Amino acid sequence: MQKPAMATAKSFTPLLFISFLLLASCLTSASGAKIKANVTIANGLAYRFYRYICPQVEVLVRSYLLQVFSRDVGQAAGLLRLHAHDCFVQGCDGSVLLDKSIERTELPNLSLRPESFQIMETLRQIVHSQCGPVVSCSDILTLAARDSVFYTGGPDYAVPLGRRDGVTFPRPNQTFEDLVAPFARTTEIITKFARKGMNAIDAVALSGAHTIGIAHCSSFSERLFPNRDPTMEISFFNILRQVCPAPTFNAATSLDIRSPFRFDNLYFVDLMNRQGVFTSDQDLFEDLRTRGVVISFAANQLLFFQSFAVAMTKMGSVEVLTGAQGEIRSRCNMRNSDNINDLVSVVEKDLMGSSFAMR
């Protein structure tokens with residue numbers, strides 16, 4: 001098997017990036033200022049939901065992620081993507097975290113990073129050890145996504161909390177129906193966002209999350225083979241053909257060639273230069289309905305940051321469970337009922353083993 005390769009150089013040395021993270025941590029603790037999106041949030045959510053039962057939850061999540069990203073900043077993109085894939089399928093209910101859910105085995109989610117699930121379970125253990133089982137995995141994932149944006153240079157925005165974890169699995173093929181594929185055109189993107197109560201501006205803003213992260217050859221090979229996609233700039237095509245010399249290669253490249261590990265607006269500059277990796281990226285510039293938004297975000301990073309905070313807040317309210325709905329999972333990767341069944345099964349096996357040993 002061909003070993004994966006990266007097409008672009010890192011924009012930060014590890015030492016400089018750790019310094020950047022520490023500076024960002026100091027700045028946020030000193031100012032405490034966060035963007036608060038002027039949008040209607042779902043009933044049951046609140047910006048200070050845990051102020052009495054777990055007031056330190058945001059500090060706990062942010063402190064641990066500082067350690068994670070200092071070692072491997074690439075995990076930020078993984079957590080951000082995990083949150084988006086969770087919210088678009090059956091709402092922000094943590095269903096994507098469940099081991100037994102078909103959501104985990106369907107093609108759109110097979111490339112989710114295994115480390116993201118490990119980070120989530122560690123975060124749950126940290127939060128529950130300090131506060132007890134009062135914070136949902138879906139809320140922890142929402143905070144982790146926000147901090148992934150912040151720690152890579154993006155906006156720090158307030159997050160409404162109070163989600164409960166889901167207890168049902170999505171139906172088969174729901175990931176294909178709800179998630180935006182890398183080969184999707186703008187019409188499909190706008191349609192799928194509209195189903196979730198979001199508009200074209202939200203769609204472009206959330207696509208800006210591709211300013212960090214990677215893509216594998218299989219997700220954009222149709223733009224390289226058998227011929228160059230005419231909407232792809234020729235020198236960029238040549239770079240990608242070196243990374244993916246054949247459709248079967250399992251290599252990877254950064255989604256933003258200008259600043260692959262920094263959350264900024266240069267992704268939109270890439271699109272204007274026809275250097276978007278996915279069809280779903282580049283078509284946002286080619287389509288006249290969204291081209292103006294792309295140009296505006298490329299020219300004004302603050303506008304992009306504000307719009308991104310709005311879109312993330314709206315996405316984080318999609319079909320959420322609150323109040324008496326759902327549950328607070330004792331493990332992020334299984335429902336509490338499954339956890340109990342597993343424990344019972346283990347006890348039964350132990351008892352059977354003991355009875356055989358006594359014979």
Side-chain angles (χ1 to χ4, degrees), residues 4-14 16-17 20-21 24 69 72-84 111 113 145 148-155 180-184 186 189 203-221 223-224 229 231-244 251-286 290-291 293-305 307-309 311-312:
M6 294 298 294
T8 93
K10 294 184 178 181
S11 58
F12 297 118
T13 64
L16 286 176
F17 197 83
F20 172 78
L21 291 177
F69 300 153
D72 181 5
V73 68
Q75 299 307 326
L79 289 169
L80 183 55
R81 184 166 180 247
L82 187 64
H83 176 55
S111 59
R113 301 188 186 204
S148 296
V149 171
F150 168 69
Y151 272 141
T152 49
V180 174
F183 49 79
T186 300
I189 296 171
V204 178
L206 287 184
S207 296
H210 288 171
T211 185
I212 56 176
I214 61 174
H216 290 86
C217 296
S218 59
S219 59
F220 57 89
S221 62
R223 303 192 68 205
L224 307 179
D229 182 334
T231 65
M232 182 181 288
E233 189 266 330
I234 184 66
S235 65
F236 186 58
F237 167 78
N238 291 332
I239 291 172
L240 293 184
R241 276 296 295 262
Q242 291 178 11
V243 179
C244 310
T253 185
S254 297
L255 284 165
D256 176 0
I257 63 170
R258 285 174 167 78
S259 56
F261 298 99
R262 179 76 184 259
F263 195 101
D264 55 27
N265 66 334
L266 295 186
Y267 157 86
F268 299 104
V269 176
D270 295 336
L271 302 190
M272 292 180 65
N273 284 279
R274 292 192 161 86
Q275 294 172 335
V277 176
F278 295 152
T279 297
S280 60
D281 292 322
Q282 191 57 53
D283 204 53
L284 294 174
F285 181 72
E286 306 305 320
T290 49
R291 176 178 289 188
V293 183
V294 171
I295 294 173
S296 296
F297 288 166
N300 189 334
Q301 180 165 277
L302 179 58
L303 176 64
F304 164 51
F305 282 2
S307 300
F308 185 82
M312 286 291 284

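Since we're looking at a predicted model, the values are computed, not measured.
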Considering all heavy atoms of both residues, which atom of [X] and which atom of [Y] are nearest to each other, and what is their separation?
X	Y	value
Glu233	Asn273	CB-O, 3.5 Å
Gly276	Met232	O-CE, 4.3 Å
Gly153	Arg262	CA-NE, 3.6 Å
Asp256	Ser259	OD2-OG, 3.2 Å
Ala215	Val277	CB-CG1, 4.0 Å

Inset, instruction - Let me see the working for Phe305 and Val149 under side-chain contact (heavy atoms from CB on, under 4.5 Å), right down to the final yes or no. - result: CA-CA 10 Å; Phe305 282 2; Val149 171; over 6 Å; no
Quick one: ring-ring contact (aromatic ring centres under 6.0 Å, His included) partners of [X], sequence neighbours excluded?
X	answer
His210	Phe278
Phe268	Phe297, Phe304
Phe285	none

Legend entry - Those residues that, when tested against Asp264, pass salt bridge (charged side-chain N to carboxylate O under 4.0 Å, His left out) (two or more places apart): none
Inset, instruction - Could you list the residues that satisfy salt bridge (charged side-chain N to carboxylate O under 4.0 Å, His left out) with Asp229, not counting sequence neighbours? - result: Arg223
How about [X] and [Y]: do any of their side-chain heavy atoms sit closer than 4.5 Å?
X	Y	answer
Gln282	Leu271	yes
Leu255	Phe220	no
Ile189	Leu284	yes
Phe237	Leu224	yes
Phe308	Leu206	yes

List in chain and number order the residues that pass side chain to side chain donor-acceptor pair (under 3.5 Å) with [X], two or more places apart in sequence or in another chain; answer none if no residue qualifies.
X	result
Thr186	Asp283
Thr279	Glu222
Gln242	none

Legend entry - side chain to side chain contact (heavy atoms under 4.5 Å, CB included) partners for Asn300, two or more places apart: Leu302, Leu303
Legend entry - Where at least one partner belongs to residues 268-279, residue pairs that pass salt bridge (Lys or Arg N to Asp or Glu O under 4.0 Å), sequence neighbours excluded: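 Every salt bridge (Lys or Arg N to Asp or Glu O under 4.0 Å) pair that includes a residue of residues 268-279, provided the two are not neighbours, is Arg258-Asp270, Arg274-Glu286.
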Inset, instruction - Apply side-chain contact (heavy atoms from CB on, under 4.5 Å) to the pair Ser148 and Phe263, showing each step before the final yes or no. - result: CA-CA 9 Å; Ser148 296; Phe263 195 101; over 6 Å; no
Legend entry - From CA spacing to verdict: side-chain contact (heavy atoms from CB on, under 4.5 Å), Arg113, Gln75: CA-CA 8 Å; Arg113 301 188 186 204; Gln75 299 307 326; 4.0 Å; yes
Legend entry - Spatial distance of atom CE (Met312) from atom OG (Ser307) [nearest 0.5 Å]: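 Met312 CE to Ser307 OG: 13.5 Å, rounded to 0.5 Å.
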Inset, instruction - Find the distance between CD1 (Ile234) and CD1 (Ile239) and round it off to the nearest 0.5 Å. - result: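 Going from CD1 on Ile234 over to CD1 on Ile239, the span is 11.0 Å.
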Legend entry - Any donor-acceptor N/O pair, Asn265 side chain to Ala298 backbone, under 3.5 Å: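 Here the side-chain-to-backbone pair exists.
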Inset, instruction - For atom CZ of Phe236, decide whether the heavy atoms of other residues, nucleotides or ligands shown that lie under 6.0 angstrom number more than 12. - result: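 Yes, enclosed.
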Legend entry - Working for side-chain contact (heavy atoms from CB on, under 4.5 Å), residues Tyr267 and Asp281: CA-CA 9 Å; Tyr267 157 86; Asp281 292 322; 2.7 Å; yes
